[in-house]
Amino acid sequence: MAEIVREFQLAAPAEWSARFNIAPTQSVLTVTQEVGGPRVGRCMQWGLIPSWAKDRSIANSLINARAESVADKPSFRAAFKRRRCLVVADGYYEWQKGGKAKQPFHIHFPGNRPFGIAGLWESWGDDHLETCTLITTEANETTRPIHDRMPVILDPPDFTTWLESPSEDRDKLLALLRPDGANQLVADVVSTYVNNPRHEDPECLTVNRPLF
DNA sequence: CCAGACGTTGTT
DNA sequence: GTCTGG
DNA sequence: CCAGACGTTGTT
DNA sequence: GTCTGG
């Protein structure tokens, strides 16, 4: 948490403990910031529920939002204008499909430096349930062999722009939604142990063999 | 005007 | 909530 | 994302 | 095949 507070310049530590296999509908750590306000770390449920949704089942479909259309899609455009966030991670899983087999990879930076994924959030229902979605874009050189999409990983200098820009800066915001340009990511083959969402321990990160 | 949709992923 | 299709 | 379920009736 | 739950 100390590393996260420093990297994201949080005003205070957040309530959070290590996770190894976060599935959609479960809690993720996010960062939000009102214009001119402090950076706040808060937990939200992964899977966006728009304000107009009659029930929460739509969350299963809205775990990702495409950068190419996020500003216009009815499910996302309101959040794109007013409720942008960062989702904190030090790695993510991507599955490579070959026939029936689903080979998971653990994708991370050297040293597992935490990073911020561009996201959107909403508050839903009388209980003000806070939910979020991750924005995806085309894959970069490292991740393309595994899958054609990847999360938008923002450079720390762009955090403020993403979190605080007024809604009329649409083009400026969309320009941030690019693949990781520095291409410093590492992709490790891991065991299919991680394929079971009930498996939630460090064994999920065990490297099977080098990629190359 | 009202009714109905509103999403991504991957696979075919 | 807001847009599209009928 | 993956894993696992996928149904109605009536009865306790 | 497609939906739900985690």
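Remember, it's a predicted structure, so these values are computed and weren't measured experimentally. Chain letters run A, B, ... following the sequence lines, proteins first and then strands; every chain starts at 1.
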Legend entry - Nucleotide nearest A/Arg198 (side chain, heavy atoms from C-beta), chosen from D/dC2, B/dT9, D/dA3: D/dA3
Legend entry - Between P of E/dG5 and CG of A/Asn196, the distance in whole Å: 17 Å
Legend entry - Atom-to-atom span, OH of A/Tyr193 to P of D/dC1 - whole angstrom: 22 Å
Legend entry - P-based separation of D/dA5 from B/dT9 [nearest Å]: 27 Å
Inset, instruction - Describe, in one word, how the ring planes of A/Trp95 and A/Tyr93 are oriented to each other, choosing from parallel (under 30°), tilted (30 to 60°) and perpendicular (over 60°). - result: tilted
Inset, instruction - Give A/Asn195 one of three labels, base, sugar-phosphate or nothing, depending on what nucleic acid heavy atoms sit under 4.0 Å from its own. - result: sugar-phosphate
Inset, instruction - For A/Asp148, answer base if it contacts any base atom (sugar-phosphate contacts may also be present), sugar-phosphate if it contacts only those atoms, and nothing otherwise; contact means non-hydrogen atoms under 4.0 Å. - result: sugar-phosphate
Inset, instruction - May I ask you to check whether A/Thr32 and A/Arg42 show a side-chain donor-acceptor distance below 3.5 Å? - result: yes
Legend entry - C1'-based separation of B/dT8 from D/dC1 [nearest Å]: 11 Å
Inset, instruction - Assign A/Ile58 to base, sugar-phosphate, or nothing according to its heavy-atom contacts below 4.0 angstrom with the strands shown. - result: nothing
Legend entry - Options D/dC2, E/dT4, B/dT8, nucleotide nearest the side-chain atoms of A/Asn60: E/dT4
Inset, instruction - Classify the angle between the aromatic ring planes of A/Tyr193 and A/His199 as parallel (below 30°), tilted (30 to 60°) or perpendicular (above 60°). - result: parallel
Legend entry - Euclidean distance, atom OH of residue A/Tyr92 to atom P of D/dC2 [Å, nearest integer]: 14 Å
Legend entry - Of the listed nucleotides D/dA3, E/dG6, C/dG1, the one nearest the side chain of A/Pro74: C/dG1
Inset, instruction - Measure from the side-chain heavy atoms of A/Pro24 and tell me the nearest of C/dG1, D/dA3, D/dC1. - result: D/dC1
Legend entry - Side-chain N,O (A/Lys73) to OP1/OP2 (B/dA5) below 4.0 Å: no
Inset, instruction - Would you please confirm or rule out a distance under 4.0 Å between OP1 or OP2 of B/dT8 and any side-chain N or O of A/Ser69? - result: yes
Inset, instruction - Answer yes if the side chains of A/Arg19 and A/Gln26 hold a donor-acceptor pair under 3.5 Å, and no otherwise. - result: yes
Legend entry - Heavy-atom closest contact (A/Cys85 atom, A/Leu120 atom, distance): SG-N, 3.8 Å
Inset, instruction - Describe the nucleic acid contact of A/Trp95 in one word from base, sugar-phosphate, nothing, applying a heavy-atom distance below 4.0 Å. - result: sugar-phosphate
Inset, instruction - For nucleotides D/dA3 and B/dT11, find the distance between their P atoms and express it as a whole number of Å. - result: 13 Å
Inset, instruction - Whole angstrom is fine here: how far is it from CD in A/Glu122 over to P in C/dT2? - result: 12 Å
Inset, instruction - Examine B/dT9: is either OP1 or OP2 under 4.0 Å from a nitrogen or oxygen in the side chain of A/Arg149? Give yes or no. - result: yes
Legend entry - Spacing of A/Asn64 atom CG relative to B/dT9 atom P, expressed in whole Å: 5 Å
Inset, instruction - Pick the P atom in D/dG7 and in E/dC3, then give their distance to the nearest Å. - result: 12 Å
Inset, instruction - Verify whether the ring centers belonging to A/Phe109 and A/Phe115 lie closer than 6.0 Å. - result: yes
Legend entry - Which nucleotide in B/dT9, B/dC6, C/dC3 has an atom nearest any side-chain atom of A/Arg77: C/dC3
Inset, instruction - Would you mind reading off the distance between A/Asp72 atom CG and B/dA5 atom P, rounded to a whole angstrom? - result: 21 Å
Inset, instruction - Send over the distance from A/Ile63 CD1 to E/dC3 C1', rounded to a whole Å. - result: 14 Å
Legend entry - Complement of B/dC1, any strand, by Watson-Crick or G-U distances under 3.5 angstrom: C/dG6
Inset, instruction - Kindly point out which of D/dA3, B/dT9, B/dC6 is positioned nearest to the side chain of A/Thr136? - result: B/dT9
Legend entry - Euclidean distance for P, B/dC6 against E/dT2 (whole angstrom): 15 Å
Legend entry - Distance-only donor-acceptor test, A/Thr25 side-chain atoms vs E/dG6 base atoms, 3.5 Å: yes
Inset, instruction - Run the numbers on A/Phe105 and A/Val190 for side-chain contact (heavy atoms from CB on, under 4.5 Å), then give the verdict. - result: CA-CA 5 Å; A/Phe105 289 73; A/Val190 293; 5.8 Å; no
Legend entry - Touch class at under 4.0 angstrom, heavy-atom based, for A/Tyr93 against every strand present: nothing
Inset, instruction - For A/Leu120 and B/dT8, give me the distance from atom CG to atom C1', rounded to whole Å. - result: 14 Å
